[in-house]
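No hydrogens, no waters, no symmetry mates; every other heavy atom, side chains included, goes into these values.
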Amino acid sequence: MRIIRADRVLTGRPGEVIQDGEVAVDGAEVVSVGPRGSAGDAGEVVDLPGHTVLPGLIDAHVHLGFDATVDPVTRRSAESDHHLLLRMAENARKLVSAGVTTARDLGGRGFLDLALRGAIEEGLAVGPHLLAATRPITITGGHCWYMGGEADDMPAIRRVARENLRAGADCLKVMVSGGQMTPGAPPSWVCQYSTEHIRAIVEEAATRGKGVAAQAHAHAAIRSAVEAGVATIEHCSFFTPSGHRYDPELADLVAAGGTYVCPTVHGVVWRLRDKFGSEMLDAWLDGVVAMRAAGVRLIAGTDSGFAAADVANDTDAYVAGLEVFEQAGFGTAEIVEMATVRAADACGVGAVTGTLEAGKRADLIAVRGDPLERIADLRNLTLVLVSGRAVTQTGVDTVTSSVG
């Protein structure tokens, strides 16, 4: 057994801080959490004065294998599956180097996310626990069509959903609205599927006890996602042909339904602001703040892996996204909750991770300082445990993680 002691332990349960606390870990599990000395003796004691121990961070929206090199004419990518898998492994290492111990990969090609998930769990690769959505379900030629999940009618939609689940998907991803990252695909303010189509995907996922993540930018897409009963709405940006237009009544509908929203707030927002101007991005952030005020359950996720206008959203920039929440007026305790226990619940893994308590996975981090005082202290990583395995990766210089 190993005991980790620190000036404070944040258990992940809202408002609970154990001053001069400790966490006891036996193998892959937490066996106790309490004040110093409560766990008794252990073969190894790690004493970390000036530190905070807290649950490992959760990125609820990543793309480890986003591939922006697809030729829209030939439908081919210059990057082989072998090379892409290696890049995905490096992106996973970068995620865990930022303190992320669980990540939900919401769309990749060729079921490579499942291969990487298995390699990490076997100890053959370094990274967080992965929740893999495999191929996103989209219309023919729709957003991210090149990942292999094209389906236009109800039989095809159910077939792709079942194929993904049979392969081992942890959740399903559906592109309810279009997006800006796929040339020739419907734009963000256009719906790709009806409520009935989405409900069919939710039904298929439920047969395996899984949830559905719905990309929904457009107003109608957001409404359909809520009505169909998805687990999470991704982006939820209230996008129209004239930009972001927040709808308070629609936000109230999302809040009343209890649907989690991952607004994919990321750390490159300020660089994109410089490129695209302040009006669009300010309206987007104002909408995120307004959703919070409306009672929408927000979670942390970065959409890392994409590149827009030559600005890469790298997988090791997780904390930068949390800092944007702080700059937008969110409290540090709320941000930590969004990045741990609330994200775990939204992703369907709250029974095994997201808080520090006996019987849960030993997914935790230790940082110098106090993130309840300064969210930036989450950058000061000293220890990262993924199921009890120390995987801290710092000072490793590699190439950028995005293509594009």
Give a yes or no answer on whether the side chain of [X] reaches the backbone of [Y] with a donor-acceptor pair at less than 3.5 Å.
X	Y	value
D247	F238	no
Q215	G178	yes
Y193	T138	yes
R199	S194	no
D105	L64	yes
K173	L106	yes
Y318	I58	yes
R87	E79	no
D377	V367	no

Legend entry - Heavy atoms from other residues, nucleotides or ligands near CD of E249 exceed 12 (cutoff 6.0 Å):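 Open: at most 12 neighbouring heavy atoms sit under 6.0 Å from CD of E249.
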Legend entry - D153, CG: over 12 other non-hydrogen atoms inside 6.0 angstrom: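 Enclosed.
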Legend entry - Distance-only side-chain donor-acceptor flag, S97 / D316, under 3.5 Å: no
Side-chain contact test, heavy atoms from C-beta onward, threshold under 4.5 Å: evaluate it for [X] versus [Y] and give yes or no.
X	Y	answer
H219	T240	yes
D7	D370	no
R36	D47	yes
E22	S38	yes

Return a table of donor-acceptor pairs under 3.5 angstrom between the side chains of residues 205-213 and protein atoms on other chains or two or more places apart.
from	atom 1	to	atom 2	distance (Å)
T207	OG1	E204	O	2.5
R208	NH1	L165	O	3.4

When rounded to the nearest 0.5 angstrom, what distance separates [atom1] in [X] from [atom2] in [Y]?
X	Y	atom1	atom2	value
T382	H51	OG1	NE2	2.5 Å
H82	L84	NE2	CG	11.0 Å
T134	N164	OG1	CG	3.0 Å
E337	F330	CD	CZ	11.5 Å

Inset, instruction - Output all residues satisfying side-chain hydrogen bond (donor to acceptor under 3.5 Å, both in side chains) with D252, sequence neighbours left out; order by chain, then residue number. - result: none
Legend entry - Partners meeting side-chain hydrogen bond (donor to acceptor under 3.5 Å, both in side chains) with E234 (sequence neighbours left out): H61, R104, T232
Pairs under 3.5 angstrom only: tabulate donor-acceptor contacts from the side chains of residues 255-264 to other protein residues two or more places apart or in another chain.
from	atom 1	to	atom 2	distance (Å)
Y260	OH	R297	NH1	3.1
T264	OG1	H235	ND1	2.9

Legend entry - Which residues share a salt bridge (Lys or Arg N to Asp or Glu O under 4.0 Å) with D303, sequence neighbours left out: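 Partners of D303 under the salt bridge (Lys or Arg N to Asp or Glu O under 4.0 Å) test: none.
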Inset, instruction - Going by the side chain to side chain contact (heavy atoms under 4.5 Å, CB included) test, name the single residue among L114, I120, D113 that passes it with L116. - result: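 The residue from L114, I120, D113 that satisfies side chain to side chain contact (heavy atoms under 4.5 Å, CB included) with L116 turns out to be I120.
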Inset, instruction - Show your working on salt bridge (charged side-chain N to carboxylate O under 4.0 Å, His left out) between E323 and R379 and close with a plain yes or no. - result: CA-CA 11 Å; E323 290 172 328; R379 297 176 179 274; 2.6 Å; yes
Inset, instruction - Report the relative orientation of the aromatic rings in W189 and F239; use parallel for angles under 30°, tilted for 30 to 60°, perpendicular for over 60°. - result: parallel
Inset, instruction - Determine, for E163 against R159, whether the closest basic-nitrogen to carboxylate-oxygen distance falls under 4.0 angstrom. - result: yes
Compile the donor-acceptor pairs under 3.5 Å between side chains in residues 359-366 and protein atoms, sequence neighbours left out, one pair per line.
from	atom 1	to	atom 2	distance (Å)
K360	NZ	G350	O	2.8
K360	NZ	T355	OG1	2.6
K360	NZ	E357	OE2	3.3
R361	NE	H129	NE2	3.3
R361	NE	D363	OD2	2.8
R361	NH2	T102	OG1	3.4
R361	NH2	D363	OD2	3.1
D363	OD1	H129	NE2	3.4
D363	OD1	S387	N	2.7
D363	OD2	T353	OG1	3.0

